[in-house]
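Single-structure report; data block below.
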2 protein chains.
Amino acid sequence: MAGIEEVARRAGVSAATVSRALSGRGHVSSATRERVLEAAADLGYVVSSSASALATGRMRNVGVVIPFLNRWFYGAVVEGAESALLAQGYDLTLYNLGGSVDERRSVFEHFLLRKRVDAVIAVSLELTADEVQRLHDMRKPMVGVGGPLPGVRTLSIDDIAVSRLATEHLIGLGHRRIAHIGGDPSIEMDFHLPTNRRIGYLEALSAAGIPSDPTLFHPGDFTMQGGHAAAKQLLGAPRDRPTAIFAASDEMAIGAILAARDLGLDVPRDVSIIGIDDHDLAEFFGLTTVAQYPMLQGRMAVDVLMTELHPAHPQPDSLNTPLPYDLVVRSSTTRPDASRG
Amino acid sequence: MAGIEEVARRAGVSAATVSRALSGRGHVSSATRERVLEAAADLGYVVSSSASALATGRMRNVGVVIPFLNRWFYGAVVEGAESALLAQGYDLTLYNLGGSVDERRSVFEHFLLRKRVDAVIAVSLELTADEVQRLHDMRKPMVGVGGPLPGVRTLSIDDIAVSRLATEHLIGLGHRRIAHIGGDPSIEMDFHLPTNRRIGYLEALSAAGIPSDPTLFHPGDFTMQGGHAAAKQLLGAPRDRPTAIFAASDEMAIGAILAARDLGLDVPRDVSIIGIDDHDLAEFFGLTTVAQYPMLQGRMAVDVLMTELHPAHPQPDSLNTPLPYDLVVRSSTTRPDASRG
DNA sequence: CTGAAAGCGCTAACAT
DNA sequence: ATGTTAGCGCTTTCAG
């Protein structure tokens, strides 16, 4: 529990010098710095974050707000953000807003605003204009991951382009009866993500001159179960069974693969299946998918915050930074069976 | 950015009274409290956590240290802890020590000890005696989840009893050739968990007078892939194929189910499979398992910390609190096929 | 390059 | 029940 004063005494300097030597701010002769460092090490001294924060106004802590923790995507984003923050000497305080609306308000009122964090990363969260405004008023940098937030710097993939790419892969292989398992548009959690992915699918079809067929759409709920149930419906159709399925997430795509197997269909011979994500399990299931990189997304969010926190270089003028994605072809897609209609 | 002084002026009282009214410590007439609350609300006042922490020595923040984030068990523990902490007005700072040893030391040296947290929850982490000692020296309450930490209050399931129960379920159904997919004992991550689970398995066999057969053990790595590979080996045996498999985790058990399907075997008719966890996907796969409750474990860890942080009732003298577990029978286990040996 | 001194915004005795 | 008065442990002008 050594304090700065003790270190100062031991090094034969003043507390001010210790502070300068340890923080790197201000000039200290290297000889003095040595002595201070040694004294601090001997005493096992560590600055009190509260005292330091009170004096500087900086907490060296960022809040990460997510709607779920136990879903692959969110966990990975947090993981990426955590390691990037750690490397910068920042802590990560986690707010899981999955719960009730009350819990959500509570976080805003009593925590984020409690001057506990220097900045916030909002993952796939639709903040109200009021909430954004308050953060703005407190001059807290904020970055959104996963969708455009009004007036906020965000990182997001182009959901329309991603699903167009996935659909085009199937079309390129020769498929024309392509089903889509998407989200329930009435439960628009993340920024119209389900809608955007469906739009990309429809765009690709229409660009290829393939008429869209509403019976080829089934909502899932982004879980394996949901994808399984939807695929059962799609693949159990007595006639005009789709030759390919594009699922809006890998978990749903895996559910679809299992549904096909349950029905005795071979993937990809009888039906090609593609997802989005490059989930941990995608490789195991041989799933063709469009990869997005959530850990990278977490890291990039931190980078953005750091440039806002330590303004040095001019900031890019565009609020939204597009995120990378790639088609990863594995063994769940192939050309449609020529012997079938 | 209103400060306590402004609130005091607006309410016509002193800063001390505002502090008392807002924190609930000390007596304030209800009329005064009303005025203070209103003034604070009008000004959008929130206490500065750093100032408050500096004055009280309490951060209202607990550190959670985990080895992985993106595994069902850990995510769930964190989720449980987070919501319990939030309810108590505490924040959760996350330290993911999955990375390098350097990262791990860095966390200890510069973060946990930086007086940033009031207490720490260590999930499935083997801390060195030295690390435990340092936390102790700083008088930081600590609770371990998932295994006994030397001299630390811990919550853990009885791994031996759990796997004995799983194995006994199989024996009770009439199985005698029971294989086990466990962890690689040479990579003892979590507190000899793989070893303990194997011990429980062996105990159950021996209690039933069934000789153990080393060829019926295969290491997995607690992933679906690992379970799949191990089960392939086990079930592909040309003779004396096991009639049942006990996997030390649900993810491995699910991998085993998929392996059985790949081989054209029916679960449970040709082979019964049981796991441990009650993973999110267990129900979907109809997996019989021994449930443990990680969210509950996170919540309980918080409860323990709270009683240490606010000593009121006498503490239990036993350092270890056993955690509940239950056999959940679904459709992946049945009696062995009588027509086979 | 270093030291002295004045806070940062709150809380907790101690008075009243 | 409320006000006064010291700090909590650091950082940062301002001098020297």
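Proteins come first, then strands; the chains are lettered A, B, ... in the order of their sequence lines, and each starts at number 1.
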Atom CZ of B/R9 to atom P of D/dT2: distance rounded to whole Å? 19 Å
From CD of B/E5 over to C1' of D/dT5, roughly how many Å is that when rounded to an integer? 13 Å
Protein-nucleotide distance (B/M59, atom CE; D/dG9, atom C1'), rounded to Å: 13 Å
Closer than 4.0 angstrom, basic N to acidic O: yes or no for B/D118 and B/K140? no
Main-chain N/O of B/N96 paired to A/E82 side chain as donor or acceptor, under 3.5 Å: yes
For DNA chain C, what residues of residues 14-24 of chain A have any heavy atom nearer than 4.0 Å? A/S14, A/A16, A/T17, A/R20
Looking at B/S29, does any N or O in its side chain come under 4.0 Å of the phosphate oxygens OP1/OP2 on D/dT2? yes
Any donor-acceptor pair under 3.5 Å from A/S23 side chain to A/S19 backbone: yes
Residue pair A/L54/A/R58 against DNA chain D: nearer the 5' end by closest nucleotide is A/L54
Quick one: does any side-chain atom of A/R35 pair with a main-chain N or O of A/A11 as donor and acceptor, under 3.5 Å? yes
Its 5'-most and 3'-most nucleotides having an atom under 4.0 Å from a non-hydrogen atom of chain B, DNA chain C is contacted over C/dG9 to C/dA13
Atom-to-atom span, CZ of B/R116 to P of D/dG9 - whole angstrom: 17 Å
Ignoring hydrogens, what is the shortest heavy-atom contact between B/L323 and B/Y325? Give both atom names and the distance. O-CD2, 3.6 Å
Over how many whole Å does the gap from B/H27 atom NE2 to D/dG3 atom P extend? 16 Å
Quick one: do A/R60 and A/D91 make a salt bridge, cutoff under 4.0 Å? no
Does the Lys NZ or Arg CZ of B/R71 fall within the cation-pi geometry relative to B/F73 - under 6.0 Å from the ring centre and within 45° of the axis? no
Parallel, tilted or perpendicular for A/Y90 and A/H310, by the 30°/60° rule? perpendicular
Has the side chain of B/T56 got a donor or acceptor atom that lies under 3.5 Å from a matching backbone atom of B/S52? yes
Taken to the nearest whole Å, CZ/A/R60 to P/D/dT11 is 11 Å
Round to a whole Å and report the spacing from CZ of B/R25 to P of D/dT2. 18 Å
Which is more 5' along DNA chain D, the nucleotide nearest B/V13 or the one nearest B/A51? Just name the residue. B/V13
